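Values in this document were obtained by computation on a predicted structure and should not be read as measured data.
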Amino acid sequence: TPWVVAVFHCPWYNSNDDHRNEFQALAMQEAMEPLFLELGVNMVFVGHVHAYERTYPIANGQTAMDSGVVYVTIGDGGNREGHSDSYLAKPEWSAYRNGTEFGH
């Protein structure tokens, strides 16, 4: 299989002020991240946060260019509440983020 992709709602890796460390996301991450790494998931698409963020490959909270998973938060398209444009300091695993435009 050339690509293994997962899609779910709440982001595990998110440097936006909105929706950080929510219980359901942390519980899912604890249960599933080892499985994603074991089975070679390449990329994860999530929403929930009304902004865009893409990570470098990550394994267990650390940048892992050869063995990690790329996470893409793309919850900014077409929402009525407006953008989530407030970010924390940029973590080393965050490759790109944008909280001011719709879609990417």
(request) Find out if a path of hydrophobic residues (ILVMFWY) with successive side-chain heavy-atom gaps under 4.5 Å connects V7 to V44. (result) no
(message) Just so I know, are the side chains of H48 and E22 near enough to count as touching, which here means a heavy-atom distance under 4.5 Å?
(response) yes
(request) Not counting sequence neighbours, which residues clear ring-ring contact (aromatic ring centres under 6.0 Å, His included) with F8? List them please. (result) W12
(message) Check this for me: E30, atom CD, are more than 12 non-hydrogen atoms of other residues, nucleotides or ligands nearer than 6.0 Å?
(response) no
(message) Suppose clustering is done on Ile, Leu, Val, Met, Phe, Trp and Tyr with side-chain heavy atoms closer than 4.5 Å. Which residues sit in the same group as Y56?
(response) M65
(request) Heavy atoms only: give me the nearest A64-A59 pair and the separation to one decimal. (result) CB-CB, 3.8 Å
(message) Within the 4.5 Å heavy-atom criterion, are T100 and H83 side-chain neighbours or not?
(response) no
(message) Is there a path of hydrophobic side-chain contacts, each under 4.5 Å between heavy atoms, that joins I58 and W3?
(response) no
(request) Could you please spell out the steps behind the side chain to side chain contact (heavy atoms under 4.5 Å, CB included) verdict for C10 and M28? (result) CA-CA 9 Å; C10 296; M28 183 180 177; over 6 Å; no
(message) Hydrophobic cluster membership, with links at side-chain heavy-atom distances under 4.5 Å among I/L/V/M/F/W/Y: are W93 and V41 in one?
(response) yes
(request) Ignoring hydrogens and angles, tell me if any N or O in the side chain of S15 forms a donor-acceptor pair with the backbone of P91 under 3.5 Å. (result) no
(message) So which atom in S84 and which in V49 form the shortest heavy-atom distance, rounded to 0.1 Å?
(response) CB-CG1, 4.0 Å
(request) May I ask whether V69 and V72 are part of the same hydrophobic cluster, defined by side-chain heavy atoms of I, L, V, M, F, W, Y residues being less than 4.5 angstrom apart, directly or through others? (result) no
(message) Let me check something: do L37 and V70 share a hydrophobic cluster, defined by ILVMFWY side-chain heavy atoms less than 4.5 Å apart, either directly or through other members?
(response) no
(message) A side-chain contact here means heavy atoms from C-beta on lying under 4.5 Å apart; do E53 and Y71 qualify?
(response) no
(request) Specify the closest pair of heavy atoms between P11 and V46, including all atoms of both residues, with the distance to one decimal. (result) CB-CG2, 3.6 Å
(request) Could you grab the distance from atom CD of E33 to atom CG of L26, nearest 0.5 Å is fine? (result) 11.0 Å
(message) To the closest 0.5 Å, what do you measure between CG (N16) and CG (N98)?
(response) 10.5 Å
(request) Answer yes or no: is there a side-chain heavy-atom contact under 4.5 Å between T55 and S94? (result) no
(message) I'd like to check L88 versus D17 (side-chain heavy atoms, cut-off strictly below 4.5 Å). Are they in contact?
(response) yes
